[in-house]
Amino acid sequence: MSNQRRFQAPKGTRDFLPEDMAIRRHIETAWRETSTRHGFEEIEGPTFEHLGLYTVKSGEGIVSELFSFRREGGRDDYALRPEFTPTLARMVAARGPGLPRPVKWFAVPTHYRAERPQRGRLREFVQWNVDMLGLDSPTADAEVLATGISALEALGLDPSMVTVRISHRDAVALGLESLGVSSESMTSAFELLDRRDKMPPEVFAEKASALGLDDDGLSDFDRLARTRRSIRGDLADLASESGVAAEAFAPLEGLRDALVDAGLADWCEWDLGIVRGLAYYTGSVFEVHESGGRERAIAGGGRYDGLVELMGGPPTSAVGFGMGDVVLGLVLEDRGLLEEVRPAPPRVFVLSAGEDADRPAHRLLAELRRAGIHARRSYKTTRNVGKLLGEASRAGATRAVILGSELGEGRVQLKDLVSGEQELVPLDEVVRMISGSESANG
RNA sequence: GCGGCUGUAGCUCAGGGGUAGAGCACCUGGUUGUGGUCCAGGAUGUCGCGGGUUCGAAUCCCGUCAGUCGCCCCA
């Protein structure tokens with residue numbers, strides 16, 4: 001290590017040692033199993049795309065946030081994918097007309113963003129994407145949300161720990177309109193709504209008045225932005241709390257019914273301050289947050305009915321979300337839900353208690369593995385059976401097979417490492433006994 | 001791009017002008033067959049890097065790099 005150059009992982013990337021990888025697989029397994037159970041099929045796309053795929057949607061300003069490159073001598077600009085939705089929209093635009101509707105796809109891709117890393121945000125991360133296209137109904141929104149929530153539940157979270165905050169751009173637009181915001185100013189109003197907590201009150205007031213809001217309008221705007229309410233409640237209550245005319249919330253009715261019918265009411269609440277920066281959202285928008293508000297959003301998504309068309313496909317309704325592994329991992333860690341997650345332990349540990357037993361031990365090991373059993377041995381040279389059993393225990397094995405002098409009569413010790421009991425059994429029977437036993441492990 | 005904090009053994013850290021320590025982890029042994037304990041022993045660092053001050057710097061000063069947290073941004 002002295003006269004060689006030492007490399008470290010690039011900024012914002014992670015090395016996954018076995019313990020880390022076990023956690024990553026734990027999360028990804030929950031994502032995949034939940035997706036499949038809800039009828040979504042897995043897809044994958046290229047890790048890098050033409051740069052234009054991202055600038056067409058987000059403008060040139062996005063480039064500074066991307067890892068983009070041009071091949072030496074090449075003419076095309078590429079970028080490592082910062083998100084999956086453009087790839088998805090491209091795939092659907094290309095193949096969409098021939099696909100049975102609705103399209104229900106999910107992916108678990110890695111993504112890359114050239115940002116300054118901080119808690120909950122890295123330069124390389126995994127993000128679960130769940131999307132449903134071609135069904136213009138709130139039941140699609142609810143089904144997508146049900147899938148996300150179900151995965152959180154599978155990972156041990158419950159409604160006391162996380163909340164899905166939901167809004168709807170149409171409802172908020174109608175509400176803002178009733179406060180006097182013109183349709184030309186609507187985009188700016190959304191932007192102001194999104195960023196209201198990031199500016200001093202004077203600046204907020206100034207920008208609000210630029211939208212045509214007087215003092216009353218400003219206070220109503222603020223009230224709307226802070227409105228949070230159970231989705232079980234009457235929408236009329238939402239109207240009275242936000243100060244906006246009840247008619248504005250008509251777009252929420254179908255969504256509310258679908259969420260309640262899907263059994264998601266305990267997890268969800270209306271939060272009219274949720275906007276999401278992305279310009280392509282057209283209807284429902286939502287974010288999943290840790291209840292204590294200590295971490296960044298665990299997931300975010302919404303309806304984006306115009307994007308497939310933007311990619312050259314037919315007009316296609318769409319709704320989906322992304323859930324990253326970084327914040328989710330932090331939340332699970334905070335809640336102590338990862339303590340039991342570790343690399344798979346072996347079902348059995350084979351050790352020889354004497355030189356004469358080495359070859360029979362190796363033969364047994366091979367036989368166990370051929371039978372599909374996760375079996376390990378020690379590579380130490382010691383004959384100290386105590387040390388070897390210690391190694392078996394540390395590896396997490398619940399049983400050990402000890403081959404020794406009893407081999408002369410064709411028998412070995414089969415030891416239960418949990419109870420400490422052991423019995424002499426015929427060598428020929430070991431594989432059958434272990435494969436036939438009920439074991440939660442490996 | 002800006003700011004706070006932190007860089008000493010594989011990990012967590014202590015120390016602090018006279019050329020380095022602890023715990024954990026790791027390895028070996030405890031002689032020929034029973035456990036995460038115990039005992040004994042062992043390896044490991046250019047104290048992030050560069051420069052300056054000094055007889056002497058891990059220690060003080062300057063710079064730089066890296067990590068981390070936050071701001072900006074956040075698909």
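Residue numbers start from 1 in every chain, and the chains themselves are labelled A, B, ... in the order their sequence lines are given, proteins ahead of strands.
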Pull out every protein N or O sitting under 3.5 Å from an N or O of nucleotides 68-71 of chain B, one pair per line with the distance.
from   : atom 1 : to        : atom 2 : distance (Å)
C69(B) : OP2    : Arg119(A) : N      : 3.3
G70(B) : OP2    : Arg119(A) : N      : 3.1

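- Atom name C1', nucleotides C13(B) and G70(B): the rounded distance is 25 Å, in whole Å.
- Base pairing in RNA chain B yields stems of at least 3 consecutive Watson-Crick or G-U pairs, both distances under 3.5 Å, namely B:1-7 with B:65-71, B:10-13 with B:21-24, B:26-30 with B:38-42, B:48-52 with B:60-64.
- Residues satisfying the side chain to side chain donor-acceptor pair (under 3.5 Å) criterion with Gln127(A), sequence neighbours excluded, are absent altogether.
- The side chain to side chain donor-acceptor pair (under 3.5 Å) search around Arg394(A) returns none, not counting sequence neighbours.
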Query raised in the report: Under the salt bridge (charged side-chain N to carboxylate O under 4.0 Å, His left out) criterion, do Arg119(A) and Glu295(A) qualify, and how do the steps go?
Result: CA-CA 8 Å; Arg119(A) 185 175 175 86; Glu295(A) 305 287 354; 2.7 Å; yes
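- For the contact set between residues 300-319 of chain A and RNA chain B, defined by any heavy atom under 4.0 Å, there are no members.
- Atom pair Glu115(A):CD and C2(B):C1' shows a separation of 16 Å (rounding to whole Å applied).
- With salt bridges taken as basic N to acidic carboxylate O contacts below 4.0 Å, none links Asp170(A) and Arg303(A).
- Leu388(A) comes within 4.0 angstrom of no nucleic acid atom, judged by non-hydrogen atoms across all strands.
- Nucleic acid contact for Arg195(A): sugar-phosphate only, since backbone atoms but no base atoms lie under 4.0 Å from a heavy atom of the residue.
- The shortest side-chain heavy-atom distance between Leu157(A) and Leu332(A) falls under the 4.5 Å cut-off.
- When all heavy atoms of Ser68(A) and Leu51(A) are compared, the pair lying nearest together is CB-CD1, 4.1 Å.
- Taking the six-membered ring for Trp, Phe48(A) and Tyr112(A) have ring centres at least 6.0 Å apart.
- Of the residues Arg296(A), Arg276(A), Arg165(A), the one that meets the side chain to side chain donor-acceptor pair (under 3.5 Å) test with Glu287(A) is Arg276(A).
- Using C1' as the reference atom, G36(B) and C24(B) are 14 Å apart when rounded to the nearest Å.
- Nucleotides U53(B) and A58(B) are separated by 15 Å at their P atoms, to the nearest Å.
- More than 12 heavy-atom neighbours from other residues, nucleotides or ligands sit within 6.0 angstrom of CZ on Arg14(A).
- Atom CD in Glu65(A) sits roughly 10 Å away from atom P in C73(B) (whole-Å rounding).
- No more than 12 heavy-atom neighbours from other residues, nucleotides or ligands sit within 6.0 angstrom of CZ on Arg359(A).
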Report task. Evaluate the criterion salt bridge (charged side-chain N to carboxylate O under 4.0 Å, His left out) for residue pair Asp136(A) and Arg101(A); output intermediate values, then yes/no. Result -> CA-CA 11 Å; Asp136(A) 185 15; Arg101(A) 302 302 174 95; over 6 Å; no
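- With contacts defined as side-chain heavy-atom distances shorter than 4.5 Å, the pair Ile231(A)/Val164(A) does not qualify.
- In this structure, CE in Met21(A) is found 3.5 Å from CZ in Arg25(A), a value given to the nearest 0.5 Å.
- From Gln422(A), atom CD reaches atom CZ of Arg399(A) across 13.5 Å, with rounding to the nearest 0.5 Å.
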Requested in this report: Summarise protein proximity over nucleotides 34-39 of chain B in one line of letters, 5' to 3': B for base, S for sugar-phosphate only, - for none, counting protein heavy atoms closer than 4.0 Å.
Outcome: BBB---
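- Atom NE2 in His111(A) sits roughly 14 Å away from atom C1' in C74(B) (whole-Å rounding).
- Across all strands, Leu17(A) comes closer than 4.0 Å to no nucleic acid atom at all (heavy-atom distances).
- Here, G3(B) and C62(B) have their P atoms 15 Å apart, quoted to the whole Å.
- Residue Pro10(A) is the one, among Asp194(A) and Pro10(A), whose nearest nucleotide of RNA chain B lies closer to the 5' end (criterion: closest heavy atom).
- Nucleotides G17(B) and U54(B) have their C1' atoms positioned 9 Å apart, rounded to a whole Å.
- Nucleotides U8(B) and U46(B) have their C1' atoms positioned 12 Å apart, rounded to a whole Å.
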